[in-house]
Amino acid sequence: MAALIKKDFMLLKKYVLFIIVIVFALPAALAAKSNEVNMVQSTMAFAFEVIYSEFLICRYLAMKEYQYPKTASFLCTLPYTRNMQVASKYLIYFIVFAFCCTAYWIDTLFVPNLIRLSSDLVIPVLFAVSILYSIYMPVQYKFGYDKSKLIFMFLLIAFPLFIAKANTTMIMEVLSNITIPVMLILALAALALSVMVSAKIFNGKEL
């Protein structure tokens with residue numbers, strides 16, 4: 001499994017600088033719009049950072065697999081099952097999320113308008129992004145890189161615009177009615193179910 005994750009990060013090496021810029025710049029840029037420390041603004045900043053990082057990396061890896069379709073077939077001849085190949089993508093999700101948390105924490109040291117990193121900030125974002133990721137991954141495995149691009153465009157363009165125009169205070173109030181442990185359990189359950197669905201789809205495909 002570690003070798004699969006290492007392989008994916010090797011594919012990302014030409015993309016790393018771009019991702020790092022996004023991870024560090026997005027929260028700072030969004031926080032600059034407010035003159036005071038604001039929980040809603042900070043949560044949105046962190047959420048956008050995670051969404052863009054997770055889905056850009058996910059999409060880039062899918063593009064590489066689309067360009068080299070025999071790679072997955074070759075990996076199956078090694079001791080890497082299809083289930084392991086799917087699971088590695090979800091482990092990368094957690095690694096990227098941890099990196100986003102670290103980057104956000106570093107941003108808070110230099111950007112006074114950002115709320116300090118805490119479970120009240122991290123878990124709601126983990127919950128929301130995990131739901132999106134859990135839906136997107138099986139769709140990508142089902143329809144492939146090319147046909148799933150409309151959903152990707154929605155997540156990176158239309159969804160942030162929708163959130164920007166939505167009543168973010170009301171959204172935060174709704175989320176506040178769900179306890180942190182429940183959100184964490186729901187996020188992990190959604191990802192676990194998504195892994196199983198994605199693996200089932202991938203196992204049924206001809207390589």
Side-chain angles (χ1 to χ4, degrees), residues 1-16 19-20 22-23 46-47 49-103 119 122-149 151-152 154-156 159 180-207:
M1 187 73 74
L4 290 173
I5 294 172
K6 183 179 179 181
K7 180 265 297 180
D8 283 341
F9 279 111
M10 288 295 290
L11 291 174
L12 288 168
K13 63 183 179 180
K14 293 182 180 179
Y15 206 50
V16 168
I19 293 296
I20 289 175
I22 286 178
V23 166
F46 182 52
E49 172 196 352
V50 175
I51 288 172
Y52 274 83
S53 302
E54 293 285 9
F55 287 98
L56 283 172
I57 287 174
C58 173
R59 192 66 179 168
Y60 184 79
L61 291 175
M63 181 186 72
K64 287 298 182 183
E65 292 174 355
Y66 178 75
Q67 290 174 341
Y68 306 101
K70 295 299 181 182
T71 302
S73 179
F74 173 71
L75 288 172
C76 288
T77 65
L78 302 174
Y80 304 120
T81 64
R82 296 191 185 200
N83 288 347
M84 291 173 66
Q85 292 180 53
V86 171
S88 69
K89 296 297 187 289
Y90 288 83
L91 289 175
I92 288 173
Y93 169 82
F94 284 108
I95 293 170
V96 173
F97 189 86
F99 176 70
C100 288
C101 290
T102 304
S119 60
V122 172
I123 302 302
V125 172
L126 176 65
F127 169 68
V129 180
S130 293
I131 297 300
L132 293 174
Y133 196 83
S134 297
I135 295 170
Y136 178 77
M137 285 300 288
V139 171
Q140 182 170 273
Y141 274 108
K142 177 68 176 178
F143 298 105
Y145 168 80
D146 197 42
K147 293 182 180 178
S148 61
K149 61 186 175 185
I151 298 176
F152 174 75
F154 169 78
L155 287 170
L156 260 65
F159 182 74
I180 295 297
V182 170
M183 275 194 274
L184 181 59
I185 291 170
L186 289 175
L188 295 177
L191 289 168
L193 179 61
S194 182
V195 169
M196 291 187 285
V197 174
S198 295
K200 184 177 180 180
I201 293 169
F202 191 47
N203 280 319
K205 284 198 165 187
E206 292 185 9
L207 299 179

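Small disclaimer: the values here were computed from a predicted structure and weren't measured.
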Determine whether a donor-acceptor pair (N or O, by modelled atom type, separation under 3.5 Å) exists between the side chain of Ser88 and the backbone of Gln85. yes
I need the Ile201 CD1 to Met196 CE distance, nearest 0.5 Å. 12.5 Å
Value rounded to 0.5 Å, distance of CG in Leu61 from OH in Tyr15: 9.5 Å
Give me the ring orientation class for Tyr141 and Phe202: parallel if the planes are under 30° apart, tilted from 30 to 60°, perpendicular past 60°. tilted
Which atom names give the shortest non-hydrogen contact between Phe94 and Leu191, and what distance separates them? CZ-CD1, 3.4 Å
Picking from Leu184, Ile180, Leu186, what satisfies side-chain contact (heavy atoms from CB on, under 4.5 Å) with Val182? Leu186
Side chains of Ile131 and Phe127 in contact at under 4.5 Å (non-hydrogen atoms): yes
Is the backbone N or O of Ser130 less than 3.5 Å from a side-chain atom of Ser134, with the two atoms forming a donor-acceptor pair by type? yes
Calculate, to the nearest 0.5 Å, the distance between atoms CZ and CD1 belonging to Phe99 and Ile92 respectively. 14.5 Å
In chain order, what residues pass the side chain to side chain donor-acceptor pair (under 3.5 Å) check against Tyr60, with sequence neighbours excluded? none
Nearest atoms (heavy-atom pairs only) where Cys58 meets Tyr136: SG-CE2, 3.7 Å
dist Ile51:CD1 -> Leu56:CG (nearest 0.5 Å) comes out at 11.0 Å
Shortest non-hydrogen pair, Tyr93 vs Val129, comes out as OH-C, 3.6 Å
Measuring from Lys89:NZ to Met84:CE, what's the distance to the nearest 0.5 Å? 11.5 Å
Separation between CZ of Phe97 and CG of Leu126, rounded to the nearest 0.5 Å: 4.5 Å
Between Ser198 and Met137, what is the shortest heavy-atom contact and its length? OG-C, 3.7 Å
Nearest heavy-atom pair of Pro138 and Tyr90: which atoms, and what distance? CD-OH, 4.0 Å
